[in-house]
Amino acid sequence: MTSFSRYLPFVAAMALVVVASNILVQFPMQGQVGGLSLADLLTWGAFTYPFSFLVTDLANRRYGPAVARRIVFVGFMTAVVCSILVPPFLFRHGLIEFETAADRLVRIAAASGAAFLSAQLLDVTVFNRLRRQSWWRAPIVGTLVGSVFDTAVFFTVAFSTAFAFAGPNDSFALETAPLMGVFNVDAMRWVSWALGDLSVKLIIAVVALIPYRLLATRWSQPALAASP
């Protein structure tokens, strides 16, 4: 078996997670919790994207950081391509009701790619530093740090006026509304979206410890020696 074919399942899993997330992010989560409309805070993509950190951490655990970084780059390229191609495809087939302008797609693609690449590589670095400690410490700390960084980078680049040079602003995202739809503090909508997205990521990070533990216990030692 070639070295590539050994970690092909991780490459396929990462591509699947990224593609699914770029599709599901177009669909708001319907539902009401008290006075809070979930559609104002979350899309279904928030529930699939965090598993990209699980794929990265398992690859790091099994093959070391060098292979994990290669898998991250596969995810990065997939994220950029999907961010540009998926929304128009869904619109043409009547699966979403809005069409995103081409220059907005470029900005979203830049935000998605920058967030994915920086957060996942940070996760690889943190995981590798903590890999010799308790089994749960490396995946949970790496994923939490990566999730915070991912959310901050994506929503800031995609919606903040500070990055208007990357493409046109989204006027709806810049409107002020009660924070997360329930607090008596006004904030731009994209800030509430970011907080809702991050909340889900942190919950999924804890839940993902279960499959991580089940799979990682099969590998008492990494297949390849870890190297920076």
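Only this structure's heavy atoms are used, side chains among them; waters, hydrogens and symmetry mates stay out.
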Qualifying residues under side-chain hydrogen bond (donor to acceptor under 3.5 Å, both in side chains), relative to Thr78, sequence neighbours excluded | none

In terms of side-chain heavy atoms, does Asn60 have a donor or acceptor partner in Arg69 at a distance below 3.5 Å?
-> no

Give a yes or no answer on whether the side chain of Ser192 reaches the backbone of Met180 with a donor-acceptor pair at less than 3.5 Å.
-> yes

Taking the six-membered ring for Trp, are Tyr212 and Phe127 parallel (under 30°), tilted (30 to 60°) or perpendicular (over 60°)?
-> perpendicular

Using a strict 4.0 Å threshold on nitrogen-to-oxygen distance, state whether Lys201 and Asp197 make a salt bridge.
-> yes

Anything under 30° is parallel, anything over 60° is perpendicular, the rest tilted; go ahead and classify Phe73 against Phe76.
-> perpendicular

Leu38 versus Gln30: any side-chain heavy-atom pair under 4.5 Å?
-> no

Got a donor-acceptor contact below 3.5 angstrom from the Ser112 side chain to the Ile108 backbone?
-> no

Backbone N/O of Gly64 and side chain of Arg131: donor-acceptor pair under 3.5 Å | no

Quick check: does any side chain N or O of Arg107 sit under 3.5 Å from a backbone N or O of Gly167, one acting as donor and the other as acceptor?
-> yes

Can you find a side-chain donor-acceptor pair between Gln120 and Ser52 that sits under 3.5 Å?
-> yes

Side-chain donor or acceptor of Ser160 paired with backbone N/O of Ala162 under 3.5 Å | yes

Sub-3.5 Å donor-acceptor pair from the side chain of Thr151 to the main-chain atoms of Val148, do we have one?
-> no

Greater than 12 external heavy atoms within 6.0 Å of Gln133's CD = yes

Which class fits the ring pair Trp44 and Phe47: parallel under 30°, tilted 30 to 60°, perpendicular over 60°?
-> tilted

Do Thr48 side-chain atoms and Gly45 backbone N/O form a donor-acceptor pair below 3.5 Å?
-> yes

Check whether any side-chain heavy atom of Arg70 lies under 4.5 Å from a side-chain heavy atom of Tyr7, and answer yes or no.
-> yes

Less than 6.0 Å separating the ring centroids of Tyr49 and Phe51?
-> no

